[in-house]
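This report concerns only the one structure given below.
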Amino acid sequence: MIKLTNLTKRYGEKTAVSDLTLAVGRGELFGFLGPNGAGKTTTIKLIMGMLRPTSGDVEIDGLGMSKSAVEARRVIGYVPDNPYVYEKLTGREFLEFIGGVFGMEKQKMESEIRKYSARLGMADYLDYRTEEYSHGMRQKIVLAAAFIHNPKLLVIDEPMVGLDPISARVVKDIFVEFSQNGTTVFVSTHTLSLAEEICSRIGIINHGRLIAIGSKSDLRRKTSEGGGDLEDIFLQLTGEYKKEESILGR
Amino acid sequence: MMILGGLLKLRLKVFGGFFNARSSERVLKLIIGIAVTIFFLTFGYWFFQYIFSYLKDLGDVGILLMGRVLSLSFFAVLVLLFISNLLTGISTIFNNKETTELFSLPLDYRNIFTIKSIDNTLYSSWAFAVLGLPMIIAYGGIVGYNYLFYAPIILFVFIPFMLIPSAASVFVLMLYFRFAKNINPKKIIILFAALLSIVIYLYLKHTAPENLSLYTYQDWRILNNYLSGMALSSSMIFPSSWVSNCLQSVASGNYKDAFINSFALFSTALFFWEINIILSKYIFAVGWQNSLASGSSAEKQPAYTRFLLAPLKWGHNPLPQNFKNMLYKDSVIFFRDGSQWGQFFILFGLILVYLFNLRFFPADLTDPFWKSVVAFANFAFMGFVLATLSVRFVFPTISLEGKSIWTLKSAPLKPAFVFWEKFAVSFLFFSVLAEILAYISSAMLGLTPLMRNVNYIGVFLISLSLTGLSVGMGAVYPDFEKQNPSKIASGAGGMITAILSLIYVCIMVVLAAYMTHIYTQFITEGERINSAGIIFSFAAAGIISIITFVVPVFVGLRNFRNLEV
């Protein structure tokens with residue numbers, strides 16, 4: 001579903017993503033982890049065609065993003081790292097706009113909006129302007145916007161920010177349901193428990209390079225200690241925690 | 001004081017950072033900006049110099065007229081600066097994220113108020129500086145100012161003059177948010193605009209147009225009577241009169257009067273700012289809190305927007321689905337954004353006042369020379385109105401997508417589609433408004449069919465080119481960080497667009513003047529019509545309009561396509 005080939009993105013002399021090659025299959029729930037500034041959001045924006053790669057290719061469902069961006073985006077539901085929405089629109093209007101852009105039929109759109117707003121606990125707020133929303137409520141609106149058109153691929157950058165525990169649980173369930181129904185879910189997150197709990201495969205990026213990829217047990221084998229939970233694996237593979245320790249002189 | 005200095009330093013650092021950043025794009029933008037500004041200042045100087053030297057050649061009457069022109073111009077600027085500061089003040093000083101952040105810091109309210117007031121003054125007054133400087137320098141050149149006079153005039157006349165309406169409007173806003181929090185700001189803006197329109201209408205009706213009996217006297221003295229009839233503009237209670245008096249006193253060597261007028265400006269500006277700063281200690285914080293609370297609440301589509309937008313929801317509407325979808329979104333956002341239609345309402349009100357006043361123009365004006373001059377003046381007026389409207393309302397359309405631009409860039413929409421939707425809507429709205437304006441003004445002025453048609457074609461060309469220019473430049477200089485359209489329009493891109501629009505309109509006006517000249521010579525002196533001149537003017541107008549449309553659209557489209565968000 002997603003095929004990244006030797007993907008590189010440079011900003012001047014800084015390389016944000018370096019020679020990234022990755023393939024994610026249909027129906028897979030893929031977790032994309034990495035420390036701050038590792039290149040996760042840049043990778044996601046490259047996948048979405050919102051950034052142009054310095055070199056390399058992005059292919060979505062067999063369509064090259066450089067040549068067939070519009071067709072490729074038709075199958076993607078996207079949630080950005082910051083849930084900015086049109087503040088003067090109500091939640092419902094925003095969802096209707098997104099549904100309209102994806103060419104949804106009116107009745108189907110209305111039933112999907114009803115379904116996801118109820119599941120995410122925001123039905124009572126749909127007719128309020130989004131400028132009145134809390135961060136969590138905005139996050140729910142953009143999640144709902146990604147879900148309603150039933151995409152083949154969900155690309156999600158930090159889904160849990162601002163969500164209460166109940167909503168976080170619901171979102172995890174929705175991801176799993178999508179995955180079971182054949183939708184690929186590509187989720188970038190700092191919430192290691194999310195990746196640990198639901199992702200079938202995990203990729204770890206650091207300094208723009210993919211340093212590890214595989215199932216949790218695959219990753220465990222790659223660490224020197226060969227054990228522990230995902231947090232231990234992540235800290236070992238990225239090496240960030242040790243650096244921190246040495247700075248503090250521990 | 002030290003904290004205020006620190007905040008100002010921070011502002012300068014951010015400003016300096018823009019210039020220091022080693023980005024070829026920024027350098028290019030900077031070079032274009034500087035080049036266009038220099039060109040515009042030079043062109044403005046030449047334009048005013050031409051007018052003033054023409055008036056000077058008329059002798060004593062001309063000198064008198066120069067004074068009237070100065071007084072009237074500065075009065076108009078005074079009113080515009082007040083309105084502009086009032087509108088930008090709502091979003092720059094009160095409903096502003098930075099203000100909220102500053103309030104979370106251990107800062108004296110007066111410091112926060114002062115820094116935000118300075119911001120507001122700069123945002124609202126830059127255009128006046130670009131327009132006003134060439135006028136003062138041109139005037140000085142004609143009346144023989146010594147070079148040494150310019151610096152003190154800018155420092156002690158020009159700048160205090162800008163600070164007075166800025167402080168007055170902020171004073172009004174501060175009182176409003178502190179004491180009238182329950183009144184909907186939209187209603188206040190409507191009320192204010194309606195009152196302003198009525199006052200200007202009654203004022204012009206009772207003072208001026210009947211004096212303009214040019215067809216009877218055909219004498220510049222009559223024009224002087226007309227201008228002096230506008231007694232309010234030269235009333236000594238307005239700072240605009242002090243500026244005008246000061247400039248004229250320097251010209252006549254009466255330095256004592258110049259000093260008194262300059263002192264009046266300086267002390268009044270200081271007084272207003274000091275009063276505001278003192279007041280801010282007591283009422284700014286509460287006013288700011290009230291401004292946050294006076295935001296929108298749960299939304300139910302008001303009846304008038306439901307009615308206006310209903311056709312976009314009709315199933316059998318032949319427009320493409322995505323076009324309707326985008327148009328609906330843009331329209332709803334426009335209607336709900338007070339800063340958008342509030343300013344539009346005021347500008348539209350001023351246009352209506354202009355049209356109403358044409359009713360008092362002598363309909364039996366028979367002299368072909370004056371008739372042509374009036375037609376030309378009307379065309380010029382419309383051109384400048386359209387230039388102002390396009391920069392203020394069309395240029396920000398792409399930037400107004402704001403941080404939500406991700407929704408469009410991640411959606412299955414071609415960038416060109418989004419670009420052309422913005423263009424189509426702006427052009428439709430803009431050209432209809434322009435043609436209505438042209439039709440009404442032509443009818444009221446009793447123009448001949450030939451002149452009317454030239455007017456319609458000219459206005460169509462101008463609205464097409466200006467829309468292309470503004471949408472294109474809006475895509476070249478998008479600013480997704482700002483939410484306020486007037487702030488977007490007053491940024492670097494908006495400034496360059498404003499300057500390019502005015503240059504374009506000036507060229508069109510000059511070509512229209514040339515055609516008018518040929519036509520009046522043909523009518524009044526029976527000279528053989530200069531067909532080559534007419535053809536040249538039409539061809540030049542067409543070519544320049546096409547270039548003004550095509551180049552920004554091409555560059556803007558390319559930029560928007562390659563935009564990374």
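Every chain is numbered from 1, with letters handed out A, B, ... down the list of sequences.
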Looking at chain B, which one of G100(A), A69(A), A145(A), P80(A) has the largest number of heavy-atom pairs inside 4.5 Å, strictly under?
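The residue among G100(A), A69(A), A145(A), P80(A) with the greatest pair count is P80(A).
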Out of V85(A), V155(A), V75(A), which one racks up the most heavy-atom pairs below 4.5 Å with chain B?
V85(A)
Please determine, among [options], the option with the most heavy-atom pairs under 4.5 Å with chain A.
| options | result |
| --- | --- |
| L413(B), V565(B), I405(B) | V565(B) |
| N562(B), T407(B), L408(B), L563(B) | N562(B) |
| S410(B), A411(B), P415(B) | S410(B) |

Is it true that the side chains of D157(A) and T41(A) contain a donor and an acceptor less than 3.5 Å apart?
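Their side chains do contain a donor-acceptor pair, which is all the 3.5 Å distance test asks for.
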Neighbour count above 12 (heavy atom, 6.0 Å) for I166(A) CD1
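It does not: I166(A) CD1 has 12 such atoms or fewer within range.
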Should the ring pair [X] and [Y] be called parallel, tilted or perpendicular, given that the plane angle runs from 0 to 90° and is split at 30 and 60?
| X | Y | result |
| --- | --- | --- |
| Y116(A) | F178(A) | parallel |
| F147(A) | F175(A) | perpendicular |
| F30(A) | F186(A) | parallel |

Just do the ring pair (Phe, Tyr, Trp, His ring centres under 6.0 Å) check on Y133(A) and Y125(A) with the steps written out, would you?
CA-CA 8 Å; Y133(A) 286 8; Y125(A) 302 94; 7.0 Å; no
What part of E71(A) gets closer than 4.5 Å to chain B, counting heavy atoms only: side chain, backbone, both or neither?
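The answer is neither part of E71(A).
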For F94(A), is it the side chain, the backbone, both, or neither that has a heavy atom closer than 4.5 Å to a heavy atom of chain B?
side chain
